[in-house]
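Throughout, residue positions are numbered sequentially from 1 according to the sequence presented. Since the model is a prediction, treat every value here as computed from it, not as a measurement.
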Amino acid sequence: MQRDIRPVRLRLELISDYLSSDEKVLLKRYGESSSGDRITREVLIPSDMTLHALHYALQKLFGWQNSHLRQFNLPEEVYQKLTQGTVKGWSDLVGVLFQPPV
């Protein structure tokens, strides 16, 4: 069975209203931020990418070193459709614990 794998465009934006003026200067200089209060990244990922692998892509995109918590939320009906309510469906969605990015 051949899977229909398509590119998915994501626009990711981190916003902080609590940065000092010095932190905003650093964000402009090193975070490629025009305003100093947000960082935006746009990326194409394959539609079959697991959330576990997406976590590692986000780490690289924002220059993190695996020190940030992550949380992904889906509406219940979307979650059920993607997982068919099974543990196997869930593991296919998020990847197996400690699975390296594909």
Side-chain angles (χ1 to χ4, degrees):
M1 175 165 95
Q2 187 152 3
R3 293 168 52 174
D4 181 27
I5 301 172
R6 294 167 278 122
V8 176
R9 182 180 176 168
L10 298 179
R11 184 176 192 278
L12 309 163
E13 189 170 54
L14 299 178
I15 302 170
S16 177
D17 296 325
Y18 304 102
L19 295 175
S20 70
S21 57
D22 290 337
E23 290 170 324
K24 288 183 179 186
V25 168
L26 288 174
L27 201 55
K28 284 181 180 180
R29 184 174 298 154
Y30 300 110
E32 300 173 10
S33 172
S34 59
S35 63
D37 66 347
R38 67 189 67 218
I39 298 176
T40 305
R41 300 287 187 262
E42 293 191 18
V43 61
L44 289 175
I45 63 167
S47 58
D48 68 338
M49 182 180 234
T50 65
L51 294 177
H52 187 77
L54 178 59
H55 163 72
Y56 285 99
L58 294 176
Q59 295 286 318
K60 291 293 185 183
L61 284 168
F62 288 100
W64 297 332
Q65 298 177 5
N66 206 22
S67 60
H68 293 270
L69 299 175
R70 68 178 192 243
Q71 180 177 358
F72 299 96
N73 295 305
L74 294 172
E76 182 64 28
E77 62 275 3
V78 174
Y79 176 80
Q80 288 300 323
K81 181 179 178 185
L82 292 172
T83 64
Q84 288 84 43
T86 67
V87 172
K88 166 106 175 64
W90 175 84
S91 68
D92 289 345
L93 180 64
V94 299
V96 178
L97 191 60
F98 302 121
Q99 174 185 350
V102 192

Would you say Ile39 and Val25 are hydrophobically clustered, going by side-chain heavy atoms of ILVMFWY under 4.5 Å?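 No; tracing contacts between hydrophobic side chains, which count when under 4.5 Å, never links both residues.
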Value rounded to 0.5 Å, distance of [atom1] in [X] from [atom2] in [Y]:
X: Leu10; Y: Leu58; atom1: CG; atom2: CG; answer: 8.0 Å
X: Ile45; Y: Leu54; atom1: CD1; atom2: CG; answer: 5.0 Å
X: His55; Y: Gln59; atom1: NE2; atom2: CD; answer: 4.0 Å
X: Lys24; Y: Arg38; atom1: NZ; atom2: CZ; answer: 10.0 Å
X: Thr83; Y: Lys81; atom1: OG1; atom2: NZ; answer: 12.0 Å

If every non-hydrogen atom of [X] is compared with every non-hydrogen atom of [Y], which pair is closest and at what distance?
X: Arg41; Y: Leu61; result: NE-O, 2.9 Å
X: Ser47; Y: Ile5; result: OG-CA, 3.4 Å
X: Glu23; Y: Ser20; result: OE1-N, 2.8 Å

Would you check if Thr50 and His52 make a side-chain contact, meaning some heavy-atom pair closer than 4.5 Å? yes
Return the set of residues passing side-chain contact (heavy atoms from CB on, under 4.5 Å) with Leu82 (not counting sequence neighbours), or none when no residue passes.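 Applying side-chain contact (heavy atoms from CB on, under 4.5 Å) to Leu82 gives Leu74, Val78, Leu93.
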Once salt bridge (charged side-chain N to carboxylate O under 4.0 Å, His left out) is applied, do any residues pair with Asp4, and if so which ones, sequence neighbours excluded? Arg6
